[in-house]
Number of protein chains: 2
Amino acid sequence: MPSEPMSADPMPAEPAETSARPLTRIQKRNIEAILDAALEVFSAQGFRGATLDQIATAAGLSKPNLLYYFPSKEAIHLELLSSLLDDWLAPLREMRAEGEPRDEIMRYMRRKLEMSRAMPRESRLFANEILQGAPRMGGTLAVELKVLVDEKAAIIRGWSAAGKIAPVDPHHLIFSIWALTQHYADFDVQVRAVLGPGHDPYTEAERFLDTLFDRLLRP
Amino acid sequence: MPSEPMSADPMPAEPAETSARPLTRIQKRNIEAILDAALEVFSAQGFRGATLDQIATAAGLSKPNLLYYFPSKEAIHLELLSSLLDDWLAPLREMRAEGEPRDEIMRYMRRKLEMSRAMPRESRLFANEILQGAPRMGGTLAVELKVLVDEKAAIIRGWSAAGKIAPVDPHHLIFSIWALTQHYADFDVQVRAVLGPGHDPYTEAERFLDTLFDRLLRP
DNA sequence: CCTGATGCTGACCGTTCGGTCAAACGACCC
DNA sequence: GGGTCGTTTGACCGAACGGTCAGCATCAGG
């Protein structure tokens, strides 16, 4: 216990990103296991549907031990949401005004579809949160997300005006990419139930969405 | 109590559809109030997130009184889901092979969008159910829904083959209509947060989706 | 106005849940 | 081997939840 007075910060739990002390090997392992287990459970059951016991069991820990690393159920959920938002928005951030317009949009769509395929749990976690009115993300949505989307919408509008792509409402174009790609993760059971066995939804979806956006954007 | 021996069927609660006795005025009023309140609460909080007290309060009843009309929380939820499925599928059922292909598909899309606008709670109720793996609807999806979609997909495939519309994967065309229209109900807060004030999402969506499906389907 | 069925309620019950705590355990360093 | 700090646990707590029950209120029909 070097240098610090013992009066302030008695917190033993969760030496998170703001703390100075580096993470123990055990801390790293357990925190990672907890977050992975929590993602599994929260995405499948929603926030209120998930229980600490479920998460603890899935992480291979006891409930009090889990609460040694995180102060509350809410804290785990929040940590998941905030750390995921960056990954989730990264593909859109990479859309460059200098690129070839159709390529840029198609690449964005494909990357989003690939994320739905590779990270369905994350997609469902967000879907659950938004569905219930985004009680823990409302602010972020209205600021950070809006700024990013407005910026990219302006780029798309420029491409439309320059005749590089067919005229489209840029905001709703982005919404359509979200809706169409996330649908395959969020409604996975429905898609598979309707298609029946012997289908690979994502392979078919990629072909379909390629066609769809090609016909939509071709000038 | 005519004709029936008192030994069997002591059930006082919920004289539902299978019962012979017609519904009292009070029964009709209260059951309707309960289902409406339950739709409100379940769609906003999910099944486990909703509490009987919330539903009872929203319906203007006490909790025991609510349980006088329905035997359990589960029963209310099930009643909502099953009675909603028909309404939800009705627009697709109305798609006729004899109609003008583009009109039929565009009308279906517009009706689904209108349902999202007029019945967002119902849309979110379904979304919640599917998101969590459809534990209470899995069977129905794999049978009733699959049969209906396969039937309509065959019609669409015929239209494609006849050159009436551009070639498309019919199943994924239907998925895309679901995804694009339900997105505006299920992700309402996100759409509004990104668009900001002064926008009517549904009016803009109708214009955008008209354009999208016109370009996608035009032979 | 009487009566039986329907409608309604306060009090209560068992369980589950999120969270706490004191005590024990264990690894590592002197 | 003893001390220390990080780690783990069993036992426990209060609140919330789904559901029950005995009894009271109310209503409709005769």
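These numbers come from a predicted model, not from an experiment. Proteins get letters first, then strands, A, B, ... in listed order; numbering begins at 1 in each.
No salt bridge links A:Arg157 with A:Asp169; every basic N to acidic carboxylate O contact stays at or beyond 4.0 Å. Taking 4.0 Å as the cut-off between side-chain N and carboxylate O, A:Glu94 and A:Arg111 count as a salt-bridged pair. Residues B:Asp103 and B:Arg96 are not paired through a salt bridge, judged by the lack of any N-O separation under 4.0 Å between the basic side chain and the carboxylate.
Taking side-chain N and O atoms only, A:Gln27 has no distance below 4.0 Å to OP1 or OP2 of D:dG6. Note on B:Tyr69: every side-chain N or O is 4.0 Å or more away from OP1 and OP2 of C:dT6. OP1 and OP2 of D:dT8 both lie 4.0 Å or more from every side-chain N or O belonging to A:Tyr68.
Going from atom CD1 of B:Ile34 over to atom C1' of C:dG7 covers 12 Å, rounded to whole Å. The distance between atom CD1 of B:Ile55 and atom C1' of D:dC17, rounded to the nearest whole Å, is 12 Å. The nearest whole Å value for the distance from the CD1 atom in B:Ile31 to the C1' atom in C:dC8 is 15 Å.
In this structure, the ring of A:Phe70 has its center no less than 6.0 angstrom from the ring center of A:His77.
A:Arg136 forms a cation-pi arrangement with A:Phe47, by the criterion of a distance under 6.0 Å to the ring centre and an angle within 45° of the ring axis.
Taking the six-membered ring for Trp and thresholds of 30 and 60 degrees, B:Phe175 and A:Tyr184 have ring planes more than 60 degrees apart, a perpendicular arrangement.
A heavy atom closer than 4.0 Å to some atom of DNA chain C occurs in B:Arg48, these being the qualifying members of residues 36-52 of chain B. Heavy-atom distances under 4.0 Å link DNA chain C to A:Lys63, A:Pro64 of residues 59-66 of chain A, given in residue order.
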All N/O pairs under 3.5 Å across the protein-nucleotides 22-30 of chain D interface:
{"unit_1": "D:dA28", "atom_1": "OP1", "unit_2": "B:Arg25", "atom_2": "NH2", "d": "3.1"}

